[in-house]
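Structure first, commentary second.
Quick caveat, the model's predicted, so the values are computed rather than measured. Sequence lines set the chain letters: A, B, ... in the order given, protein chains first and strands last, and positions in each chain run from 1.
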Number of protein chains: 2
Amino acid sequence: MTTSSVDREVQKRLGEHAIRYTTGRRAVVAALAGSDGPKSASELHGEIGSRVPLSSLYRSLTILEEAGVVIPHYGAKGLTRYELAEWLTGHHHHLVCLDCGAVEDVEIPGAQETQVRDLVDSISAIASFTPINHDLEVEGRCARCA
Amino acid sequence: MTTSSVDREVQKRLGEHAIRYTTGRRAVVAALAGSDGPKSASELHGEIGSRVPLSSLYRSLTILEEAGVVIPHYGAKGLTRYELAEWLTGHHHHLVCLDCGAVEDVEIPGAQETQVRDLVDSISAIASFTPINHDLEVEGRCARCA
DNA sequence: ATCGATAATGAGAATCGTTATTATAATCCT
DNA sequence: AGGATTATAATAACGATTCTCATTATCGAT
Ligand SMILES: [Mn+2]
Ligand SMILES: [Mn+2]
Ligand SMILES: [Zn+2]
Ligand SMILES: [Zn+2]
């Protein structure tokens with residue numbers, strides 16, 4: 001999915017919620033759209049530059065989360081990393097490096113995703129649980145840290 | 001697994017690492033062994049009482065984590081909750097209720113666990129990632145909130 | 001059981017990611 | 001453009017966690 005089409009989708013979503021799509025918020029969405037995995041506020045600040053102060057960045061992330069545009073992932077050392085919601089990026093899973101903390105997106109072939117869904121369904125049935133979403137997180141060592 | 005057998009296993013593990021199994025550390029392990037889910041430092045402090053100060057509790061959790069006795073789960077609002085490692089409790093997955101926030105442990109049959117492991121391996125191979133463990137989190141609605 | 005070496009504790013200060021405050025500026029609507 | 005509303009930015013405040021270091025508990029050897 002291209003950055004500009006994400007931009008259009010987000011603009012539409014925010015418009016529906018009467019939330020302004022400001023320059024700062026555009027910068028955050030663009031940075032996330034061009035990212036290969038969840039990013040923390042300070043990582044985004046590093047990429048975007050000082051034209052968007054950290055405090056504004058945090059507020060933008062909160063607003064975008066409330067609007068369902070971004071999703072938080074809570075990680076080690078009190079760090080929260082954000083990524084675009086799956087209705088913008090497509091469903092995928094995460095590889096979490098136990099050494100450097102990097103989180104990498106990975107899409108899996110349809111056949112395997114079907115297997116995951118089947119497993120999720122049967123696991124849920126065991127506990128009378130109604131599954132809505134799933135997140136198969138693989139923890140290990142990334143290519144750089146191997 | 002009974003609390004006292006967990007205690008014995010932990011004692012053995014710490015002994016191997018030349019780490020003392022002090023009363024404070026025993027209190028933490030006992031509280032976790034008697035728990036039905038991951039607990040934060042302050043929750044543990046509430047259960048254990050003031051005979052183990054918060055600062056000591058945090059240090060104990062760090063030590064126990066380094067020894068592989070407890071595992072952290074990072075959650076919202078910068079809260080880290082700990083539970084006993086799976087070699088003490090058995091491998092399991094988590095059902096996270098999006099309504100009430102409860103986290104339910106669930107063990108799945110061996111055949112399905114094998115399927116999960118195979119999926120984890122092939123997903124990891126896609127990204128030259130070395131998997132160490134996995135966590136299939138199912139988000140949805142628990143039996144109470146359904 | 002006691003001693004001595006060493007590791008752990010406890011009280012508080014410090015750190016750091018995040019959130020709240022509030023005066024100023026940008027945006028939207030007519 | 002003008003007025004109303006929402007967003008920004010600088011900084012203070014907050015809270016979970018970590019650090020510091022003087023004191024104390026633990027463990028192995030005697
Ligand atoms: Mn992702
Ligand atoms: Mn668990
Ligand atoms: Zn890594
Ligand atoms: Zn529930």
- Looking only at atom types and distance, does a side-chain atom of A/H92 sit under 3.5 Å from a main-chain N or O of A/G90, one as donor and one as acceptor? yes
- Query: Rounded to the Å, how far apart are A/R81 CZ and C/dG17 C1'?
  - Reply: 13 Å
- Item | Nucleotide D/dA16, atom C1' - distance to OH of B/Y74 in whole Å | 13 Å
- First of B/V52 and A/L79 reached from the 5' end of DNA chain C, by closest nucleotide: B/V52
- Item | Euclidean distance, atom CG of residue B/L61 to atom P of C/dT9 [Å, nearest integer] | 11 Å
- Item | 5' priority, DNA chain C, between B/G24 and A/G78 [closest heavy atom] | B/G24
- Query: To the nearest angstrom, how far is A/H73 atom NE2 from C/dG17 atom C1'?
  - Reply: 18 Å
- Does A/Y58 make a side-chain N or O approach to OP1 or OP2 of C/dT19 shorter than 4.0 Å? no
- Taking A/R81 for the side chain and A/Y74 for the main chain, is one N or O donor matched with an acceptor at less than 3.5 Å? no
- Message: Using a 3.5 Å distance criterion without hydrogens, assess whether the side chain of B/H93 forms a donor-acceptor pair with backbone atoms of B/E137.
- Response: no
- Query: C/dG10 phosphate, OP1 or OP2: any side-chain N/O from B/S56 under 4.0 angstrom?
  - Reply: yes
- Message: Under a 3.5 Å threshold, yes or no: a donor from one side chain and an acceptor from the other, between B/Q112 and A/S122?
- Response: yes
- Note on the structure: Ranking C/dG10, C/dT18, D/dT18 by distance to the side chain of B/P53, first place goes to C/dG10
- Task: Please confirm whether any donor atom in the side chain of B/R51 sits under 3.5 Å from an acceptor in the base of C/dT9, or the reverse.
- Result: no
- Task: Round to a whole Å and report the spacing from CD of A/E65 to C1' of C/dT19.
- Result: 13 Å
- Task: Assess whether one donor atom and one acceptor atom, taken from the side chain of A/R59 and the base of C/dA20, lie less than 3.5 Å apart.
- Result: no
- Query: Shortest non-hydrogen contact from A/E65 to A/P72?
  - Reply: OE2-CG, 3.4 Å
- Query: Where each residue is assigned the nucleotide of DNA chain D containing its nearest heavy atom, which of B/T22 and A/R20 is assigned the position nearer the 5′ end?
  - Reply: A/R20
- Task: Would you mind classifying the nucleic acid contact of A/T80 as base, sugar-phosphate or nothing, using non-hydrogen atoms under 4.0 angstrom?
- Result: sugar-phosphate
- Message: In this structure, how many angstroms lie between the P atom of C/dA20 and the CD1 atom of A/I63, rounded?
- Response: 12 Å
- Item | Between C1' of D/dA25 and CD1 of B/I19, the distance in whole Å | 17 Å
- Does OP1 or OP2 of C/dG10 have a side-chain N or O of B/S55 closer than 4.0 Å? no
- Just how far, in rounded Å, is P of D/dT6 from CZ of A/R25? 11 Å
- B/L54 near the nucleic acid: base, sugar-phosphate alone, or nothing, with a heavy-atom cut-off under 4.0 Å? nothing
